[in-house]
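Single-structure report; data block below.
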Amino acid sequence: MSHSDVIADRAEKVIARCKRLASVTEARGSTCRTFLSIATRECYRVVGEWLEAAGAEVTIDAAGNLRGFYPAAQTAAPRLLLGSHLDSVPDAGAYDGVLGVVLAVSLLETLEDRRLPFAIEVIGFSEEEGIRFGTPFIGSRALVGKINDELLNRTDTNGVSVRTAIENFGLKPTEISKAAMNSDSLAYVEFHIEQGPVLESLGIPLGIVEGIAGQTRAEFTFLGRANHAGTTPMNLRHDAMSGAAEWILEVERVAKREKGLVATVGRIVATPNAANVIAGQVRLSLDVRHKSDNARIRAADFLAVQAEEIAHRRGLTVERKVLLNQPAVSMDPFLMDQIEQAARQTGCTTHRMVSGAGHDAMILAEKIPTAMIFLRTPGGLSHHPSESVSVEDVAKAIECGTLLLTQLAASVEFQKRTARA
Ligand SMILES: [Zn+2]
């Protein structure tokens with residue numbers, strides 16, 4: 001078999017494994033795996049077998065992350081972390097998160113028991129999507145030591161706390177501090193589907209993530225006066241719905257004006273929400289993202305001023321509640337260059353891009369140099385059963401990952417690095 005046939009075989013195996021894991025689910029007829037569910041246990045059993053067969057020692061930490069340790073040529077060597085998350089949204093596809101873990105397993109397999117100057121730890125994060133407890137990144141937060149009592153006491157819709165969920169899985173919440181990443185961790189690299197249309201529109205299989213956009217989330221409430229839709233003349237109304245509508249279009253206009261800015265009103269709740277009553281109150285969500293914190297904060301502040309202006313002109317009032325103000329995160333320049341070099345060697349044109357979605361990489365970047373590689377997502381479709389990737393693109397990812405390991409193994413600069421923690 002030629003080299004490219006071998007890689008194509010590995011890529012097909014990766015896709016088959018992702019599809020197999022999509023059938024490991026807690027929902028009937030669709031894919032759903034939430035934090036430490038019964039389906040998670042089966043998923044860990046299957047992935048754990050693959051990891052062991054590839055030469056890794058498998059454990060589950062107290063935050064429920066699946067961890068596979070592939071030793072280095074020498075003991076007391078540092079380690080490289082590879083991974084992504086194994087939980088999913090309801091009615092999920094087969095690749096979001098899972099692909100990053102299965103690709104990491106495949107990279108261990110390509111080593112064929114060859115040892116590198118650093119160990120490789122593959123991590124399948126237990127919780128990234130935030131479905132069960134409404135709080136994302138529980139798995140990766142444990143690696144950076146950011147699990148506190150408040151988080152452990154949060155409950156799901158059945159009243160089961162994070163702490164109890166961990167105990168029910170047979171793990172010890174008191175040992176969560178031991179889930180923190182080892183101080184010998186050099187870097188974290190995550191493969192993930194793009195979940196957007198950019199790479200497809202450019203005709204490029206792999207994207208190099210340069211940063212993860214910061215996010216502002218807020219709730220705006222326009223307050224007017226509910227009244228009869230038939231008897232209240234137009235000039236005597238305080239219509240919260242019309243004010244909200246004008247502001248929604250302003251949100252779109254402001255976002256279109258600034259390159260890289262995305263702003264969304266995705267939720268609207270009108271009160272009393274009746275066909276023959278002028279809306280007295282309209283509550284709206286606002287989500288603003290940009291790679292530059294300044295640009296994001298400026299836009300969010302401007303939109304708050306515009307809401308005031310619109311409300312004032314229409315005889316309404318407006319209230320704002322900021323729910324999230326999360327700074328942007330940069331990926332590691334050295335690793336980005338290394339990935340670019342590896343990707344080019346596979347014959348790919350490379351593209352650097354910002355991730356509009358949050359990822360475990362965002363959490364780990366607080367402590368260690370971190371990089372992400374995106375795979376082209378057909379139709380830009382994700383969080384959907386039709387989510388897909390092509391065999392050719394997965395083959396490019398395997399080739400790029402293998403070359404990256406070779407480069408890092410030869411790089412004195414890389415191995416001298418120690419955790420910023
Ligand atoms: Zn994901």
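One-based numbering, in listed order, for ligands and for the atoms of each.
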Close side-chain approach of Lys146 and Glu366, heavy atoms under 4.5 Å: yes

Glu26 and Thr34 side chains, donor-acceptor separation under 3.5 Å: yes

Sequence-distant partners of Phe169, ring pair (Phe, Tyr, Trp, His ring centres under 6.0 Å), two or more places apart: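 Checked Phe169 against ring pair (Phe, Tyr, Trp, His ring centres under 6.0 Å); zero matches.
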
In the protein, N/O/S atoms that are found under 2.8 Å from the Zn ion (ligand 1), waters not counted: His85 NE2, Asp96 OD1, His192 NE2

Pair Glu127 + Arg132: basic N to acidic O under 4.0 Å: no

Sequence neighbours excluded - side-chain hydrogen bond (donor to acceptor under 3.5 Å, both in side chains) pairs with any residue from residues 92-110: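 Counting only pairs at least two positions apart or across chains, the side-chain hydrogen bond (donor to acceptor under 3.5 Å, both in side chains) contacts touching residues 92-110 are Arg17-Glu109, His85-Asp96, Asp96-His192, Asp96-Gln195, Asp96-His383.
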
For residues 253-265, dump all side-chain donor-acceptor pairs below 3.5 Å to protein atoms at least two apart in sequence or in another chain.
unit_1 : atom_1 : unit_2 : atom_2 : d
Arg253 : NE     : Glu250 : OE1    : 3.1
Arg253 : NH2    : Glu250 : OE1    : 3.2
Arg253 : NH2    : Glu250 : OE2    : 2.8

